[in-house]
Amino acid sequence: MSKKSSPTHFNVPRIPFEGPRSPNPLAFRHYDPAEVIDGRTLKEHMRFSIAYWHSFRGVGGDPFGPGTIRRPWEAGKDAISVAKRRMDAAFEFFVKIEAPFWCFHDRDIAPEGATLAESNRNLDAVVAHAKQLQKATGVRLLWGTANLFSNPRYMCGAATNPDAHVFAYAAAQVKKAMEVTHELGGDGYTFWGGREGYETLLNTDLKREQEHLARFLHMAVDHAKSIGFKGQFYIEPKPKEPTKHQYDFDVASGIAFLRTFGLEKHLKFNIETNHATLAGHTFQHEIEVAASQGLLGSIDANAGDLLLGWDTDQFNTDVKELTLAMLSILKAGGLGKGGFNFDAKLRRPSIDPEDLFYAHIGGMDAYALAFKTARRILSDGHLTGFVAERYASYDSGLGRDIETGKLGFRELEKLVLTKLGEPALRSGRQEYLENLLNRYLTGG
Ligand code: XUL
Ligand code: CO
């Protein structure tokens, strides 16, 4: 993609929008990046992002066998030139798939060296290349992050490691990852605590580990201030995998953690669909819990397989699930500096570069359709009107006095004994509402 090296890495043209009836498998049906809605293009509304680690470092390996995916651009005289060539291919893909953003871990884009100093030099070389590519294409960085889970030094955690030396190393690594995120104009920075949890309480001081994690995040907040980084910080809850128990289990436990340690003004949630379902919640539930506290930040867009108990990171084409999620996101006022980052990977036998296109076209179309359907549901107002009406008894009189703290147990007892008596029962109308939702989903 860069001026000098303009070989085409993908034998696929820029993906056109052709509308819902197009038979072309390499066209968008619902995501028209140029469509203007409420003064903004769909591209600006959706803020789609490509996850470098899955789409450009994933090779399809699993615990039973090595990778299956071999990319033609994985060639060069040394690790840095391979990294740059790979990045050229990635930016060609970002442009052709009409994604305005990308996300990376430090170690995805540049090889780790023998020392921290060497790793930092490698990172600087590749970040300089990324900066040129961003400038040439207009693609921007949604968020950066550090890989604090692959290297053996982090086998017992990074910020929650029992060894202060490892904590120090992780701090140094994150400092640099924040600085390169800032250098690339990132809109955010994500903390996913890959191994911030435990395997057994027999060897773990849980209280101390949580305090260390909070200390680490406060250091990050301080460093952001000192370098002038204004991007949004996110934590990304996940209940398990790789550790048996992760400290930021789900959004609710994440809120408790942030509030306990005075971090709630500095971080929001990056909610991942497959992490929600691993925690025994729906995607929409996690979004609603975060939004209820003003802490909804960004989305890692993927899906799990409900028949499996692990993080399969699949592309999500379930329009019903996404429409419900979109309803909650739009009601909350959108994602602000966040976006929809495809933290999703190809299945092991999907080995061709074209498969990357099919996967993202499916995910982007499903999200765009969900966005449009959710907007229709909200503007019709039947569903929101139903919910508002269901709680209307709290809008005045008795309910208002309960909400505003005017009444206590004594007064309420007196009211029931003397005036109110037995409440009348009302249907929750679940089946009626499910049918209503299906009407919207089928174009009605
Ligand atoms: C792992 C996961 C990560 C984070 C970034 O389950 O979701 O890729 O999104 O570290
Ligand atoms: Co993720």
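Atoms within each ligand, like the ligands themselves, are counted from 1 in listed order.
Per-residue contacts place D311 under 4.0 angstrom from the following atoms of ligand 1 (heavy atoms of the residue considered): 6 (O). Within the listing of ligand 1, atoms 2 (C), 7 (O), 9 (O) sit less than 4.0 angstrom from a heavy atom of E272. Distances below 4.0 Å separate heavy atoms of D300 from the following atoms of ligand 1: 9 (O).
Ring centroids of F191 and W143 are separated by 6.0 Å or more, keeping the two rings apart. When ring centroids are compared, H223 and Y189 stay outside the 6.0 Å threshold. Between F101 and F94, a ring centre-to-centre spacing not shorter than 6.0 Å is recorded.
Looking at E236 and the Co ion (ligand 2) together, the shortest N, O or S contact belongs to OE2. Summary: OD2 is the N/O/S atom of D343 found nearest to the Co ion (ligand 2).
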message: Test side chain to side chain donor-acceptor pair (under 3.5 Å) on D380 and Y440; report intermediate values, then the result.
response: CA-CA 10 Å; D380 282 3; Y440 287 111; 3.1 Å; yes
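Side chain of Q173 to main chain of A146: no donor-acceptor pair is present (N/O by atom type, distance under 3.5 Å, no hydrogens or angles).
In this structure, OD2 of D300 and OE1 of E272 enclose an angle of 100° at the Co ion (ligand 2), rounded to 10°.
Between K176 and D124, at least one side-chain N (NZ, or NE/NH1/NH2) sits under 4.0 Å from a carboxylate O, which counts as a salt bridge. Salt-bridge formation is not detected for the pair K238/E272: no Lys NZ or Arg NE/NH1/NH2 atom is positioned less than 4.0 Å from an Asp or Glu carboxylate oxygen. A salt bridge links K175 to E179: at least one charged side-chain nitrogen sits closer than 4.0 Å to a carboxylate oxygen.
Ring geometry for F10 against W73 counts as tilted: the plane angle lies between 30° and 60°, on a 0 to 90° scale.
Residue T145 has no N or O atom closer than 3.5 Å to an N or O atom of ligand 1. Looking at D343 next to ligand 1, an N or O pair under 3.5 Å apart turns up.
The protein atom (non-hydrogen) at minimum distance from atom 5 (C) of ligand 1 is H105 NE2, 3.3 Å.
The option from E236, Q246, H275 that lies nearest to atom 9 (O) of ligand 1, judged by heavy atoms, is E236.
Residue-ligand proximity: T190 is placed with every non-hydrogen atom at 4.0 Å or more from ligand 1.
With a heavy-atom cut-off of 4.0 Å, E241 does not touch ligand 1 at all. Contact annotation for N147 and ligand 1: no heavy atom of the residue comes within less than 4.0 Å of the ligand.
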